[in-house]
There are 2 protein chains.
Amino acid sequence: MTGSNARPTRAQQRRQTEERILDAARRLFAELGYDRTTIRAVASAAGVDAGLVMHYFGSKDLLFAQAVEVPADELPGGTSGEVAEALLASLGRRLTGEPAGSLAVLRSMLTNADAADRYRTAGEPQLNQLTAAIPTPDADLRASLLSAIIHGVIAERYLLRLTHLADASPEQIIDLLRPCFQSLTTPPPTSAKTL
Amino acid sequence: MTGSNARPTRAQQRRQTEERILDAARRLFAELGYDRTTIRAVASAAGVDAGLVMHYFGSKDLLFAQAVEVPADELPGGTSGEVAEALLASLGRRLTGEPAGSLAVLRSMLTNADAADRYRTAGEPQLNQLTAAIPTPDADLRASLLSAIIHGVIAERYLLRLTHLADASPEQIIDLLRPCFQSLTTPPPTSAKTL
DNA sequence: CCGTTCATTCTACGGTCGTTGACCGACGGT
DNA sequence: ACCGTCGGTCAACGACCGTAGAATGAACGG
């Protein structure tokens, strides 16, 4: 038996190359979006030939589909207040580190129908749980607004890199957003009057 | 003098054709984004040859620049509460009708540097006024969050067409967002404790 | 009425893209 | 040691893109 790290077996080599390609694809799709990312660029970033990418993944669409992985982190049920806090925590997690996969979807969803679908179905379970937890007739609209807020913030922080949003700490952002989330997950006090 | 509508003069004809091209460009840029919109498609939609578009506008970039017009509606100064309300009113205006120009910028800004710049500079005056009106040290972050919320909502309503957001009336959306805007433009009560 | 301008079209060039298929050379089972 | 398998490269095709420039013909000014 050869030393375990001296010469990699063929299967190992293949998995390793595939992973290098997927990494490069994730990076480029997140940075440039679907259209501007070229298979040749992915291949070159991974140190291989463009033909190999086709050979392994079949097409650009399939490469994109396999590169973007959506962990879809789940939301615990509970009172509307608890759900708001869980949602804030989920946002906090997404504001630390850079999940290249979901950034790729976010970057591409406005110009690529497939990415748009992926975005929809990825957020759907969260959206449904959210809707179920909000005790008002317009729960679905409220949940959609929360989704819009979350993605707006992430897009401007990571994709557009608006300085004030990019520099802020996740805690700072979450603290400022907490009243928003609470007001959207909570029915209005029975007699509220705008001054 | 020929009848005013019998045979159009050459200048009239030109202005008319240019406007048809710009209309088609606005529609296509808003619908497909910068990359997927082709000069040939714009020309064909306007009923002219692609060469003519080049002849009139010089390049695809210049066509895009001229097609997207940013009215940049101004924000009156005032107390933070008044600014919040003015911002809500501005959002309401943008939620009725479909300003194809700004949708084109919004659709393209994630994949086109020029559109991103245009988006930044278009929102900048509003952002500055907003920052000036918020009486907290983190005013700039708060203003950025408000901007992110606004654009997130518009993007999901008009570009992604999430059903619950697309079907809702502007008033409904604004009413739900009002507490958000108020909490972001207002310093927190001196002793707030999250339960 | 003639020469010019100009709106408009046609054709074509150079480049890039996704994708294909032939080809090469090292690994691995027998 | 042989030979099929398979990771990987190379060259090319067809489509489409942005763009340039010549050609056409009708409107215009003198």
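- Computed from coordinates, the B:Asn112 CG to D:dG18 P distance equals 13 Å when rounded to whole Å.
- Note: CD (B:Gln16) to P (C:dT8) measures 9 Å, nearest angstrom.
- Relative to the ring axis of A:Tyr56, A:Arg14 places its NZ or CZ within 45° and under 6.0 Å from the centre.
- Checking C:dT19, C:dT9, D:dT9 against the side-chain heavy atoms of A:Ser59 singles out C:dT19 as nearest.
- Between the side chain of A:Arg15 and the main chain of A:Arg10, no donor-acceptor pair closer than 3.5 Å is present.
- Rounded to an integer number of Å, the gap from CG of B:Leu52 to P of C:dT11 is 16 Å.
- Listed pair A:Thr38 / C:dT16 fails the phosphate criterion, with no side-chain N or O lying under 4.0 Å from OP1 or OP2.
- Regarding contacts with the backbone of D:dA27, every side-chain N or O of B:Thr9 stays at 4.0 angstrom or more from both OP1 and OP2.
- Of all nucleotides listed (D:dG8, C:dT19, C:dA7), C:dT19 comes nearest to the side chain of A:Lys60.
- Here the rule is salt bridge (charged side-chain N to carboxylate O under 4.0 Å, His left out) with A:Arg26, and of A:Glu98, A:Glu31, A:Glu69, A:Glu19 only A:Glu19 fits it.
- Nucleotide D:dA15 holds its C1' atom 16 Å from the CZ atom of B:Arg36, rounded to whole Å.
- Taking the six-membered ring where tryptophan is involved, the planes of A:Phe64 and A:Tyr34 are perpendicular, since the angle between them exceeds 60° and thus also 30°.
- Between B:Ile39 and B:Arg10, the residue anchored nearer the 5' end of DNA chain D, judged by the nucleotide with its closest heavy atom, is B:Ile39.
- Distance B:Arg15 CZ to C:dC6 P: 14 Å, rounded to the nearest Å.
- Taking atom CE of residue B:Met54 and atom P of nucleotide C:dC13, one finds them 18 Å apart after rounding to whole Å.
- When each of A:Arg40 and A:His55 is assigned the nucleotide of DNA chain D with its nearest heavy atom, A:His55 is the one assigned upstream, toward the 5' end.
- Here the C1' atom of nucleotide C:dG21 and the CG atom of A:Asp49 are 13 Å apart, to the nearest Å.
- Rounded to an integer number of Å, the gap from CG of B:Asp61 to C1' of D:dC17 is 14 Å.
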task = May I have the step-by-step check of side-chain contact (heavy atoms from CB on, under 4.5 Å) for A:Leu162 and B:Arg120, ending in yes or no?
result = CA-CA 8 Å; A:Leu162 295 201; B:Arg120 248 184 291 270; 3.7 Å; yes

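- Ranking D:dG8, D:dG18, C:dT8 by closeness to the A:Tyr56 side chain, first place goes to D:dG8.
- Take the nearest nucleotide of DNA chain C for B:Gln13 and for A:Asp35: the residue whose nucleotide is more 5' is B:Gln13.
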